[in-house]
Each structure stands twice: as C-alpha cells, then as structure tokens.
Chemist: 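I have a structure I would like to understand better, so I am pasting it below and will then ask my questions one at a time.
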Protein chains: 2
Amino acid sequence: MNKRNFTIYDIAKEASVSPTTVSRVLTGNPVVKESTRQKVLAIMKELDFSPNEAARRLTKQQTDLIGFILPDITNPFFSQIYIEVEKKALEKGYTILLRNSMNISAMESTHLREFTERRAACIVFMGGRINKTNPDMYEVTEMQEVMSRVPIIMINGKMKGVKSYTIRTNEEEGIRSIVKHLVSLGHSKIALIGGSKGISSADNKLSSFKRILKEFHLEFNQDWQIFSDFSVESGRVAMKKLLENESLPTAIIGINDLIIYGAVKECRDQNISINDFSFVGFDDIYPSDIVYPSLTTVNHNYEILVNEIMKTIDNIIAGKTNKKGKLIDTHLIIRESSKEC
Amino acid sequence: MNKRNFTIYDIAKEASVSPTTVSRVLTGNPVVKESTRQKVLAIMKELDFSPNEAARRLTKQQTDLIGFILPDITNPFFSQIYIEVEKKALEKGYTILLRNSMNISAMESTHLREFTERRAACIVFMGGRINKTNPDMYEVTEMQEVMSRVPIIMINGKMKGVKSYTIRTNEEEGIRSIVKHLVSLGHSKIALIGGSKGISSADNKLSSFKRILKEFHLEFNQDWQIFSDFSVESGRVAMKKLLENESLPTAIIGINDLIIYGAVKECRDQNISINDFSFVGFDDIYPSDIVYPSLTTVNHNYEILVNEIMKTIDNIIAGKTNKKGKLIDTHLIIRESSKEC
DNA sequence: TTGTATGCGTTATCAC
DNA sequence: GTGATAACGCATACAA
C-alpha cells in the first residue's frame, strides 16, 4: 500500500543528470546551473521525492540532535521549559527528542543509551539522578561515560564528581524572597512542607530555609517541617500531618506549587478555612494563576532560564567553550494566597 | 574532547573475529558460539562501544518510529494522552517522536516532512488541520501525499476526503450526559461557551447540544452560546460576554475545562458568586480535580482511548488491517461545580 | 559457527 | 558546472 521511496538515483535517471547533481540541489549547493536545478526540482516534486534521513545522518557525521530527559512532561514545571526549548531549537534548525524518565533510573539509562546511539549533539537533563543528594555509584559512572561522548547540560541539578554544564535556579534567593515577603506581612510562624529527604531540591531548600530564618531572627520549628513528596497528593498528606500539631504556623511554604494545591485541598476537606493560613509555593507553574486562591509563588524566570539553555546548546554545537555553571535569579509573584497575619 | 566512536570493525579487529560476527552479537543472532559472544561483548564493554543508529536504520529498511503531532504539550489534555502512548510505545520497543504544532499549519507541514524523511512507521495526529471544519485545499493534498507513504492516525478529528485511521471520542454522547445531569438537577437554562466557529470540536458540540436540548424539550438560547477560543483567557472573555445578558442561564457548559477555569475566574473578578451557576467542563484534565470548585466534566476514558491508539499502531506496524474508524465512549465525572438549581 | 562481499541512500573528494 | 568514485557503519545473502 505504501508508495515506494525514490532515491537520488531515480531522480538522476529521470532528470538525465548524475546523482551527484541531485545531491547538490538537495543540499542547496549553489554551483549547479539554474536550469538544471529547476529540472531536478521538477522531477523531485513530480515523484514526491523525500530524502532518506538515515542516509544523510550517516554521511554527515555531525548531528544536530538535542536529547531532552525529564521526569514527566505532564508536570507543568517541565513542560513549560520543554516547550520553549523546543520552539527555539526548531527555529535554529536543531532536532529535539523528548524522553520521560518518570524519575526511574533504568529509564534514564535507556534514554541515555538511545541518545548516545543517535550521536546526539548534547543532552539536556532534568530531575531524577541529578536531583539526588547522594546518587548511586552506577549512575555516576554511567553519566561520566556518556559525557565522554556527548555533553550533558544539567538543569536544576548536579552530580558530585561529574563536571557537566549546569544551569540552576538560585533557590536560596527564592526562599529568601518568600520569607522576606511573609515577614513583611507580619508572619513569624512559618512551615515548610513537601519534598523528600535525599532529593537535593528539597534538601537545599530546607537548609536555605533554616539559614534564612536565622537571618530574620526567627526560630525553626521541626514540627512544621514535613517531608512527603512532590505531588498534589503528597501535599495533602503533608498538610494533614501538619494540622495534627497543637500549635500551628500562620504561613506555609510548599517545596513546589503542587504541594500547596494539595494542602489547600486538604484544608477544604477538613472544613478548615484557607484564610487561617498564608500559602506560598515555588515554581510558578501556570495553574497557580488559575487556582483559588491564586498562589503567591517563586517564578524561575523561565525565559532567562531557557535562553541560557539555548545559549549553552549553541556554544556546544558551535564548538565554543562555555562557562560550566550558571545561576538564574528568581522573582516572587505575589497573588491572593499570602496575606496579612 | 569527545571520545571517538568505535565501529564494529574496531571491535572485530580487537576480538580477532569478523565484523559480521560482531554484528551478529549486536543483533542477538543466536548462531554465534557462546565463547566468542562473550569475547566480543567484553571488547565492546571495554571500548564502550555504541552502535551507530543511523547506519542501523539505513540497512534495516524498516523503522519503528512513531511520529506524534499535537498542538501544545503544555495543555494537559494532550500531555495526558501523549505520556501514556509514550509509555506503552517504549514497552513495545517503538521509538516515539513528539512535535508541537501550536495549531500552525506550516509547523504541521514541517513535522510531516520530518516524519516522512525519517521513514516513520506511522503518524499520530491531533488538533490543527484535522480539527478544522473546512481545511484548506493545500492541507488536504499534503495530508494525502504523506499518507501515501506513512499511515496517519487521527485522534479526535478527521479530514473530508482523506481516509485515514480515526479514533474519536463520542462527543455527542458526552454532551448528552451533561445535559441529562443538569436537567436532573433541575436546570433548564443552559449556556454553552467557548470554542470557535470552524473548529469541528466546537461546531460538533454545538450542533449536538442543540439536538440534545430538543430531546429534552428545552429551548436553545442563542444569547447563551458564545464562541471565543479554547484557552483559560478566552473562557474569561466568553463569561464576560455572557454576563452582559439581561437574562442569565443557571448552568454553563464549557467547550472544554480550560474555558470553565476562565469563566470561574471572571466571576470572582466581578464579585459574582460562583454559586449562582452550575459549571460543567469537557475533557477532565487533571487540574479539574484540583481547582475550586472542583469541576464536573466529561472524561474521555483516556485509558481506552490510548489502548485503541496502541492497538492501531501495533496493527499498522504488523501489517495487519485495521478498522478505519473507532468511537470511544465517555463518562461524566460529577464534582462540586454542578449543583441543584 | 564464521567470514566475504554487497547493499542501504546520501554526501564529499576528486577529477574533468 | 558536472560526474565518477569512495566513504559513512551496519546488516545480510551466500559461501565456506
């Protein structure tokens, strides 16, 4: 049923030229005479010629493929970044290949192998193993092996002993802006919920949080720091635990926005007024402007982040050297969920 | 800086066997003696050998690539479907390639061309031109040309005169379940907002809606049918227009969930109690369980939908024949946003 | 069980 | 301007 795929030989024969000439018009080589170019183009259109990508890749040793590994594209935090990178990549003529790891190490391995076999120009990596405070030995080794062939750009993560390109959000600054904002609203009893131990984005935020509380001469209350996970559901779980305390905070910071969605939901389910608390998230994913109450949260400056990613990719592909580490500033988006104490 | 890529020739030389033998262990051909297989594998590991994907594709004429075109992966409706297809594809050993069209016809063309050049086994297509009630002549022609080489599976859309595989939600049944539900709650004044004229998912829902109102002996009120678009923002716009009417409905159906998110937001901004209306969406994207009030909406039976997609892909790749058109039933998810009149 | 020779469809290097 | 010819790296038919 499927039409046969013609080759440049077919075109050449039909146009009474050599395959070389056909290849030249294909690559846009300007030496070929205009009349023959037209002739060849006409035949191509007539036969609905479509050049074989695999053959092309094989001869042109260099590739323009960007591999993109992230945990879950249904998570707005990742999709917001991914889509912008895809758009810019397309503009520049790069090919981009998305893979979801679901934070499963074995899937990451599969994807890394695939990208290596495809001779990707570089790999953008988010989540999973680069977000572990203590990654497995095997993961580190594999990462190093891959990197000896294809450069890896780690977004909001890093790996001890692996010197890749890293582009990170200045999370400490983000946490500071939250605390500052809450203090200005009169809050002094602040909780931090969500995330899980061993995941650096949670570990780091926690240690930043402790440090910053000191800066503001506030006390850290261990009862108000509750690990769970990073999902909406785990936000409910964390909030539930938090509410079991005798003494409660007046403000609640979530490790990310999803946690707060869950926390708010838990309040509603327990018939607790959401006005009893100020809520602040982290990430500023797009539903945070839609949910009620709209969420005060830390924005990653996605545009700058994506620009830095693209700049790094460009440099890698152009063979230029890069600064290995970049830190992106955040900005606080103030919405309804945070209010006077 | 990058390590050289070894070939099967390098491995062969090092292992003192022929390249053919190396190729055999690579493809898992069982004829090779266990001892030589071990020897070859050892060398491969030692040299960190990685087979060149492009070369492989070139010799094995057949490909396992699935192209996936959708408007925007940040839209949960699409990402929910995509991620499930990706998971199952990975299990089956297929390779999947995602492309966002942003509903731009030229981008669709670019992606279609790319997939053709990659000799994709099939293309899954959502949104854009297959969702136009009257597609351009060029779009139809191009689609037909592509389909003469690679089969296209259209999800929730179709194209006049193009006989592709189609898998569609039974939208009329979905609308019927909404109206039935609202009527059972005592509503008789029902609005339909969002979507835009010329997009079949909106056109079809509208005509279904009219038909079904008749079934229930209710009158269609043109003032309560407002086209806008498919985004949250357009939901606000539509709601704003609706509220300008002297006489208002008691229930509001959105062309999709996003429209209702916007409509609810507009109510809040105008200090209109959201309890004045019952809201029902369509799609059951995941934030609909998170937003407040949680949204009554029509679920596409995503699992069945995705299974049908996979079944169709399997059959195409296996060379079996398929039923060309499939219709998936929906089910209504009742949450807080719909209530007694 | 292993090896030789050839093809896959394109691009690149030479000549002419 | 154009055309032979040789890669590119792997898989496979055929031979041994």
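Below, chain A is the first sequence line, B the second, and so on; all start at residue 1.
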Chemist: What's touching nucleotides 13-16 of chain C from the protein side, N or O pairs under 3.5 Å?
Modeler:
none

Chemist: Going by atom type alone, with no hydrogens or angles, which donor-acceptor pairs under 3.5 Å involve a side-chain atom of residues 78-88 of chain A and a protein atom two or more places apart or on another chain?
Modeler:
| from | atom 1 | to | atom 2 | distance (Å) |
| --- | --- | --- | --- | --- |
| A/Ser79 | OG | A/Pro76 | O | 3.4 |
| A/Gln80 | OE1 | A/Tyr286 | N | 2.9 |
| A/Tyr82 | OH | A/Glu86 | OE1 | 2.9 |
| A/Glu86 | OE1 | B/Asn100 | ND2 | 2.9 |
| A/Glu86 | OE2 | B/Asn100 | N | 3.3 |
| A/Glu86 | OE2 | B/Asn100 | ND2 | 3.0 |
| A/Lys88 | NZ | A/Asn307 | OD1 | 2.5 |

Chemist: Which residues, if any, of residues 110-117 of chain A bring a heavy atom under 4.0 Å of DNA chain D?
Modeler: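 Result for residues 110-117 of chain A: none.
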Chemist: Taking atom types as modelled, find out whether A/Asn315 and A/Tyr165 have a side-chain donor-acceptor pair closer than 3.5 angstrom.
Modeler: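 Checked: A/Asn315/A/Tyr165 side chains show no N/O donor-acceptor pair below 3.5 Å.
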Chemist: If you measure only the distance, is there a donor-acceptor pair under 3.5 Å linking the side chains of A/Thr74 and A/Asp72?
Modeler: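 Judged by distance alone, the side chains do pair up.
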Chemist: Less than 3.5 Å between a donor and an acceptor, one on the side chain of B/Tyr9 and one on the base of D/dC10, is that the case here?
Modeler: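 Donor-acceptor pair under 3.5 Å: yes.
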Chemist: Does OP1 or OP2 of C/dG7 have a side-chain N or O of B/Gln61 closer than 4.0 Å?
Modeler: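 False: B/Gln61 side-chain N/O out of range (4.0 Å or more) of C/dG7 OP1/OP2.
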Chemist: Just the rounded figure in Å: distance from P of C/dT10 to CD1 of A/Ile8.
Modeler: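 Interatomic distance, CD1 of A/Ile8 to P of C/dT10: 5 Å.
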Chemist: Does the pair A/Arg129/A/Glu142 count as a salt bridge with the N-to-O cut at 4.0 Å?
Modeler: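 The answer is yes: the pair qualifies as a salt bridge.
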Chemist: Would you say C/dG3 has OP1 or OP2 under 4.0 Å from some side-chain N or O of B/Ser18?
Modeler: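 Yes.
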Chemist: Under the rule for side-chain hydrogen bond (donor to acceptor under 3.5 Å, both in side chains), what residues qualify as partners of B/Thr133, not counting sequence neighbours?
Modeler: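 Scan of B/Thr133 (side-chain hydrogen bond (donor to acceptor under 3.5 Å, both in side chains), adjacent residues dropped) gives B/Asp203.
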Chemist: Counting any heavy atom closer than 4.0 Å, what does B/Val17 reach on the DNA or RNA strands: base, sugar-phosphate only, or nothing?
Modeler: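 Sugar-phosphate: the residue B/Val17, judged by heavy atoms under 4.0 Å, touches backbone atoms but no base.
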Chemist: So if I take the C1' atoms of five pairs at each end of the helix from C/dT1-D/dA16 to C/dC16-D/dG1 and get each local axis, what angle do the two axes make, rounded to 10 degrees?
Modeler: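 Here the local axes at opposite ends form an angle of 30°.
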Chemist: B/Ser164 and B/Lys158: side-chain donor and acceptor closer than 3.5 Å?
Modeler: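 Note: B/Ser164 and B/Lys158 side chains miss the donor-acceptor criterion.
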Chemist: Can you tell me if the side-chain N/O atoms of A/Thr21 get under 4.0 Å from OP1 or OP2 in D/dG3?
Modeler: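 Yes, such a contact exists.
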Chemist: Please list, in numerical order, the residues of residues 42-57 of chain B that have a heavy atom closer than 4.0 Å to any atom of DNA chain C.
Modeler: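 Contacting residues: none.
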Chemist: May I ask you to say what A/Thr7 touches in the nucleic acid, namely base, sugar-phosphate or nothing, with a heavy-atom cut-off under 4.0 Å?
Modeler: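 Contact class for A/Thr7: sugar-phosphate only.
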Chemist: Would you tell me if any nitrogen or oxygen in the side chain of B/Thr59 comes within less than 4.0 Å of OP1 or OP2 on C/dC8?
Modeler: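 Checking C/dC8 against B/Thr59, no side-chain N or O comes under 4.0 Å of OP1 or OP2.
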